[in-house]
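Read the structure below first, then the notes.
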Protein chains: 2
Amino acid sequence: MAFEYEYARPALAVDCAVFGLDESLKVLLIERGLDPFKGSWALPGGFVEMDESLDEAARRELEEETSLNNVFLEQLYTFSEPDRDPRDRVISVGYFALVRLSDHRLQAATDANDARWFDVKKLPKLAFDHAKILQMAKERLQSKVRYQPIGFELLPKKFTLRQLQQLYEVVLERELDKRNFRKKILSMGILKELEEIESGVAHRAARLYRFNKTSYQQLTRQGFNFEI
Amino acid sequence: MAFEYEYARPALAVDCAVFGLDESLKVLLIERGLDPFKGSWALPGGFVEMDESLDEAARRELEEETSLNNVFLEQLYTFSEPDRDPRDRVISVGYFALVRLSDHRLQAATDANDARWFDVKKLPKLAFDHAKILQMAKERLQSKVRYQPIGFELLPKKFTLRQLQQLYEVVLERELDKRNFRKKILSMGILKELEEIESGVAHRAARLYRFNKTSYQQLTRQGFNFEI
DNA sequence: CCAAAAGTGTTCTCCATACACCCATGC
DNA sequence: GCATGGGTGTATGGAGAACACTTTTGG
């Protein structure tokens, strides 16, 4: 290594706050098998390797520990308090991720690691400073979902307007007016109305929609700003 | 070290994009005295020590390299491409900072290190991936200045409404209507109108104002949201 | 008295909000 | 035929945008 900097280095990790949605907002936690915090619940994550970027590390750890791949993933913040890990100096880059529970529900629950979805309002005590990371991730989700169309990452590919509205109601923790919501979201022109309707409901079936990413990108280039 | 994780570790650095404002938006760069990129301009920054947080490292490096202290400083993003430093694996946590040029103008320009303010629209070629860091910092500034009252960090403590308007015009790169701007900002109730007026101008002198942080915090608690 | 910027009021349009009823379907 | 949610229209108020003139001061 042709490099004069030879001081001690902190270890570097990534931790992922993975959100899913059903009736409430859920987060994926794994039970730690080793000390420190053996038996506690923690965010999935692990150490960064020398030849991978942080995004790659986050995706790799997520796949290894929870079998999730191909999820929406975004860097959140880097946590660096010197005493945040009792073993050694460990700096952790927090990520937040969104997954479709409709696609991944059973898989994660039956994984070999003990991974489980928890209601974000009924969390166990978390290892390290993971409660702080999760808190920040939740705040980021709440603000970002309002000005970027990331909420669709939490819904099935085909969804009803009611499902979409409920997504915002659950994430933002407040009720929305049905008529105004529909008017607003439809007027954006970023949804593709499908021919299909939902099935298996004991009342009038709702029309299904799909997020039209192409239209969204087109509109964005023309100065459109998504906002709920 | 009672710790089973003994793999190679990336080095960890911080880099700061420091903004100032006069007629245009400025950024503070330092000339590198050592390879790699000897003679190039770069963001101030350096390696993180084992007993300090990233925020502390950023403040320490800023003080060491540019004599700036007590500035508005906020973590931006962590940059981790494996080849971003040709010497070795170095991960860098980017920060963005805002300073009052009115207080710091001469100091930084005459520092022993060769530090200079550059117009963000007339930048030299930057070392490493610092152009990317700076680009992201500028975007963050442009979006954050609209929904958080951080712009005041760039102005003198006492300022005229015109100065405040120009700040937004320069940062957002678009013109604002004078009457509407004044109406809006005054109606927020976060400025304290001073008895003083500006001096040394060859026309009617404008009233001076001060940002009232206490009022802002009070209003925020009541649900107020700053927005330009 | 002139140049230069400070300071102010009104109109119009559009969008967010609030709100109530009919429609389609499964059971 | 009834319960359940799907789906729609309209009136109101408030805020943003557009716009022009008077006032004050220094030179």
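We name chains A, B, ... by the order of the sequence lines, and we start the count at 1 in each one.
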| request: Grab the OH-C1' distance between B:Tyr209 and C:dA6 for me, whole Å please. | output: 10 Å

| request: Mark yes or no for whether B:Arg100, through its side chain, and B:Phe152, through its backbone, hold a donor-acceptor pair below 3.5 Å. | output: yes

| query | Taking CZ from A:Arg182 and P from C:dT17, how many angstroms apart are they, rounded to a whole number? | reply | 17 Å

| said: Taking A:Arg60 first and then A:Glu64, would you say they form a salt bridge - that is, a charged N and a carboxylate O separated by under 4.0 Å? | reply: yes

Enumerate all atom pairs, one protein N or O and one N or O from nucleotides 23-27 of chain C, separated by less than 3.5 Å.
unit_1: C:dC23; atom_1: O2; unit_2: A:Arg204; atom_2: NH1; d: 3.4

| request: Kindly indicate whether a cation-pi arrangement holds for B:Arg116 with B:Phe118, taking the cut-offs as under 6.0 Å to the six-membered ring centre and within 45° of the axis. | output: yes

| message | What is the distance, to the nearest angstrom, from the CD atom on A:Glu227 to the C1' atom on D:dG16? | response | 14 Å

| field | Ionic contact status for B:Glu173 with B:Lys138, cut-off 4.0 Å | value | yes

| query | Between B:Arg162 and B:Glu198, is there a side-chain N and carboxylate O pair less than 4.0 Å apart? | reply | no

| said: Rounded to whole Å, please give me the gap between NZ in B:Lys183 and P in D:dA17. | reply: 10 Å

| said: Between A:Tyr95 and A:Asp55 (side chain of the first, backbone of the second, donor and acceptor by atom type, cut-off under 3.5 Å), is there such a pair? | reply: yes

| request: Indicate yes or no for a side-chain donor-acceptor contact from B:Glu65 to the backbone of B:Gly45 under 3.5 Å, with no hydrogens or angles considered. | output: yes

| Is there side-chain contact between B:Leu141 and B:Leu25, with at least one heavy-atom pair below 4.5 Å? | yes

| A:Arg59 side chain to A:Val71 backbone, donor-acceptor under 3.5 Å | yes

| request: Please confirm whether any donor atom in the side chain of A:Lys184 sits under 3.5 Å from an acceptor in the base of C:dT17, or the reverse. | output: no

| field | Separation of atom CZ in B:Phe181 from atom P in D:dA15, rounded to whole Å | value | 18 Å

| Backbone of B:Ile150 reached by a side-chain donor or acceptor of B:Glu153 within 3.5 Å | no

| said: Using five base pairs at each end to define the local axes, how bent is the helix from C:dC1-D:dG27 to C:dC27-D:dG1, to the nearest 10°? | reply: 0°

| query | CZ of A:Arg207 versus C1' of D:dT8: gap in Å, rounded? | reply | 14 Å

| Should the ring pair A:His130 and A:Phe128 be called parallel, tilted or perpendicular, given that the plane angle runs from 0 to 90° and is split at 30 and 60? | tilted

| query | Contacts to DNA chain D from residues 157-180 of chain B, heavy-atom cutoff under 4.0 Å, which residues? | reply | B:Asp177, B:Arg179, B:Asn180

| request: Specify the separation, in whole Å, of atom CG of A:Leu186 and atom P of D:dG7. | output: 10 Å

